[in-house]
Amino acid sequence: MRVAALLAPGAPRLRLLAAEEELDRQVTGVMTTDLHDPGRYLHGGELVLTGMLWRAAPEDSERFVRVIAAAGAVALAAGEAEVGPVPQDLVAACRRHRMPLFAVPEDTAFAAVAEYVGRQVSADRAADLAALVERHRLLVSATGGSGLDAVLDLLGGDLDLDCWVLTPTGRVVAGPADRLPPADRERLVRTHLTAARRRSAPPHHARLHGRPYSLLPAPADPAAETPLADWLLAVAGDVTEWTGKRRQLADSLARLVAAERTRRDQGRALRRRLAGELAALLRRDAGSAEVARALYAAEAMSGPGPQRPPAAWLVLAAESTGLPDGALRAALEEALTGPADQALVAGAGPAAVAVLPAPQDGDPAGTLRALLGPLEAGLGAQGRITVGVSAPAAQPDALRGAWEEARHARRIAAARTGRICVAGPEELASHVLLLAAVPDEVRRAFRSRLLDPVVRYDLAHQADLVRTLEAFLHADGSWTRCAAALHVHVNTLRYRIGRIEELTGRDLSRLADRVDFYLALELS
C-alpha cells in the first residue's frame with residue numbers, strides 16, 4: 001500500500017504533520033517501538049508506530065528520525081496518548097529527513113492502525129500468513145510464549161509448505177520430523193554450515209532427492225561469529241523464486257524462530273549459572289554434599305513435567321582451537337540439550353565441561369562422535385574440537401574422578417588426527433594415553449629422529465618404505481603375511497626391511513625396536 005492510504009476514507013483517524021510530498025512511498029509492514037535505536041530491527045518499508053517514550057530532550061527527535069530513515073522506514077506515526085501532542089522538534093526532524101509524519105490521536109489505537117495496514121498490504125493468503133507470523137513473533141517476544149510447531153502446522157495446512165527448525169547437529173526443534181529422515185537433516189545442516197563458514201549470503205540452497213530446499217539462519221545473536229550453535233529454518237522449495245509476498249513470509253518466519261531461540265536462551269540463564277558452579281566445585285574437589293546439591297537443583301529445572309532422576313552421570317571435557325571465545329560452550333550446549341534439557345554445560349574461552357545423564361546402554365563416545373559430526377562442516381581452516389568422555393558416575397562423590405577421567409580421555413582425542421575427535425574411558429588403558437601425556441616437542445623429536453630418514457628416502461626414490469614398515473608391524477613381523485598384504489615377493493620385502501634398518505640403525509627383529517617404530521607411526 002502507499003503511505004497516502006493512511007489518509008483514505010475508512011482508514012484510522014490520523015493527522016499528517018510533515019513530508020506530504022512523500023506519500024507515494026510503499027508500505028510493506030508495521031513496527032511498533034519505543035526503543036532509542038530500533039534500526040537493527042527494521043528491514044525497510046515499515047510504518048513505524050511510536051509512543052515517543054524515547055524522547056527525553058528535543059535533540060532526541062533528530063537522532064530517532066535519522067536512525068529509522070537510514071534503516072528504510074517509509075513513514076512515522078506518533079501516538080499522543082502517553083506524552084501529549086507531537087512536539088515541533090519531531091515535526092522539524094521529519095521534514096529534514098523527508099519522513100512522512102502522522103499524529104495518532106489518543107482515541108486511535110495502534111492496533112487499529114497496524115490491522116488496517118496489514119489488510120491493505122495482504123494481497124494474497126501468503127501475505128496474510130506473513131502478517132500472522134510477524135504478530136506471533138511480537139507475542140513471543142512480549143510474553144515469553146512458545147508455539148513454533150503450531151505456526152509450522154498452519155503453514156503446512158494452508159500453503160502445503162513444509163518447514164523445519166533444526167539445530168546444527170540435525171535435531172528437529174519444530175516441524176514434521178517424520179517427513180525429514182536423519183540423513184537428510186544432516187545433509188541440510190552440513191550444507192548450511194559450509195555456506196555460513198564461507199560467508200555466503202543466505203538463503204543457502206540444497207537439493208534432496210531432486211527437491212530444492214532453502215536454508216535460512218535464525219541466530220539468537222546476530223553478532224556472533226560462529227553458526228555452530230544457531231538454529232536453522234529449512235524450507236522446502238527455492239524461496240528466491242517465490243513472489244515478494246511469499247518471500248516475506250519466509251523472512252518473517254526466520255525472525256520468529258530467532259525470537260523463540262532468544263526466549264529459550266534467556267530462560268536458561270539460571271541453569272547456566274548452576275553449570276558454572278558445578279564445574280567450579282569439580283575443579284576444587286568439593287565435597288559430595290555440595291556437588292549433590294548442585295545436581296539436584298539442576299534436576300529440578302529440567303524440562304517440562306516431572307523428570308526421573310538419572311541413574312548415573314557422564315562428564316565431558318572438551319577443548320577447541322580456531323573458534324571464538326564461548327563458541328565451544330554454546331555449540332556443546334545446543335548439541336547435548338534435548339527436550340528434557342538435562343545437560344549442564346559450562347566453559348569460557350576454548351575449554352568446556354559438561355555433565356549429563358548417562359545412557360542406559362550403548363557407546364557414549366561413539367554416540368557423541370556421530371552427534372557432533374555435522375559440526376565439522378562449520379569449522380574454519382584451523383578449527384578443531386576434541387572431547388573426552390568419562391565412564392558413568394553413579395554417585396555425586398564420583399563426579400570428580402569422572403571429570404579427571406574425561407580430561408585424560410580428551411588428551412587421547414587430541415593426539416589423533418581429525419577435525420572432531422572423541423575418546424572414551426575404554427581407551428584409558430591404551431598406549432595412546434601415554435603418548436598423549438608426552439609434551440608435543442618431545443613427541444615431534446621422537447617421531448622425526450626415527451622416521452625422517454625413511455620418509456626422505458621414500459621421497460627421493462619412491463620406495464614405499466613407510467607403508468612397508470606399517471604393514472610389517474601390523475603383520476606382527478610375519479614375512480609371508482606382510483608380503484601377501486603388500487602383493488610383493490618375500491625377497492622384495494626382505495630388501496625393503498633391510499633398507500629401513502640401514503637408514504635408522506635399528507633391528508626389526510628386536511621387540512624394543514618394533515615398539516619404537518610402532519609408537520613413531522602412531523604419532524605421525
Side-chain angles (χ1 to χ4, degrees), residues 183 186-187 190 194 362-363 365-370 372-374 376-377 379 381-387 409 411-438 440-524:
E186 181 170 337
R187 285 185 60 187
R190 282 183 178 272
T194 299
D363 173 17
T367 301
L368 183 63
R369 193 177 298 112
L372 299 180
E376 182 178 357
L379 298 175
Q382 305 301 319
R384 190 164 188 251
I385 296 174
T386 56
V387 184
R411 293 168 69 182
I412 292 177
R416 294 174 174 158
T417 58
R419 309 295 296 284
I420 295 181
C421 297
V422 181
E426 68 281 356
E427 300 176 74
L428 291 180
S430 167
H431 65 277
V432 181
L433 177 61
L434 299 178
L435 297 181
V438 176
D440 286 346
E441 60 273 15
V442 176
R443 294 165 56 181
R444 284 193 296 269
F446 176 79
R447 180 182 63 231
S448 176
R449 186 164 54 248
L450 200 56
L451 293 183
D452 277 3
V454 183
V455 172
R456 285 195 297 267
Y457 189 90
D458 272 354
L459 292 175
H461 301 89
Q462 291 78 48
D464 216 13
L465 295 185
V466 172
R467 190 167 73 94
T468 299
L469 176 60
E470 288 179 315
F472 186 72
L473 295 175
H474 288 158
D476 298 325
S478 168
W479 298 98
T480 54
R481 281 195 286 121
C482 181
L486 292 173
H487 304 291
V488 299
H489 194 275
V490 171
N491 289 340
T492 301
L493 175 61
R494 291 185 183 278
Y495 171 80
R496 291 182 183 179
I497 295 299
R499 178 62 67 185
I500 293 170
E501 291 175 335
E502 287 180 19
L503 292 169
T504 61
R506 298 298 186 102
D507 181 358
L508 278 164
S509 65
R510 295 180 62 246
L511 176 61
D513 285 345
R514 288 188 191 179
V515 169
D516 285 348
F517 275 120
Y518 179 80
L519 294 178
L521 289 169
E522 285 286 294
L523 294 172
S524 298

Closest approach of [X] and [Y], non-hydrogen atoms and distance?
X	Y	result
L521	E470	CD1-CG, 3.6 Å
P453	S448	CD-O, 4.0 Å
G424	A409	O-CB, 4.1 Å
A520	L450	CB-CD2, 3.8 Å
C482	A471	SG-C, 3.7 Å

What verdict does the side-chain contact (heavy atoms from CB on, under 4.5 Å) test give for R467 and L486, after you've listed the backbone C-alpha separation in whole Å, the side-chain angles of each residue and the deciding distance to 0.1 Å? CA-CA 9 Å; R467 190 167 73 94; L486 292 173; 3.6 Å; yes

Look up atom [atom1] in [X] and atom [atom2] in [Y], then write down how far apart they are to the nearest 0.5 Å.
X	Y	atom1	atom2	value
I412	C421	CD1	SG	12.0 Å
L469	I500	CG	CD1	4.5 Å
F472	I497	CZ	CD1	5.0 Å
E376	R190	CD	CZ	6.0 Å
L473	L519	CG	CG	10.0 Å

Should [X] and [Y] count as side-chain neighbours, where that means a heavy-atom distance under 4.5 Å?
X	Y	result
R369	I420	no
R384	L379	no
T504	F517	yes

Do L368 and V387 pass the side-chain contact (heavy atoms from CB on, under 4.5 Å) test, and can you show the C-alpha distance, the side-chain angles, and the key distance before you say yes or no? CA-CA 9 Å; L368 183 63; V387 184; 3.6 Å; yes

Side chain of [X], backbone of [Y]: donor and acceptor closer than 3.5 Å?
X	Y	result
H461	A463	no
D464	D458	no
R419	G383	yes

Applying side-chain contact (heavy atoms from CB on, under 4.5 Å) to R499 and not counting sequence neighbours gives Y457, L465, Y495, E502, L503

Sequence neighbours excluded, the answer for salt bridge (charged side-chain N to carboxylate O under 4.0 Å, His left out) partners of D516 is R506

Testing the 3.5 Å rule here: is there a donor-acceptor pair between the side chains of D476 and S478? no

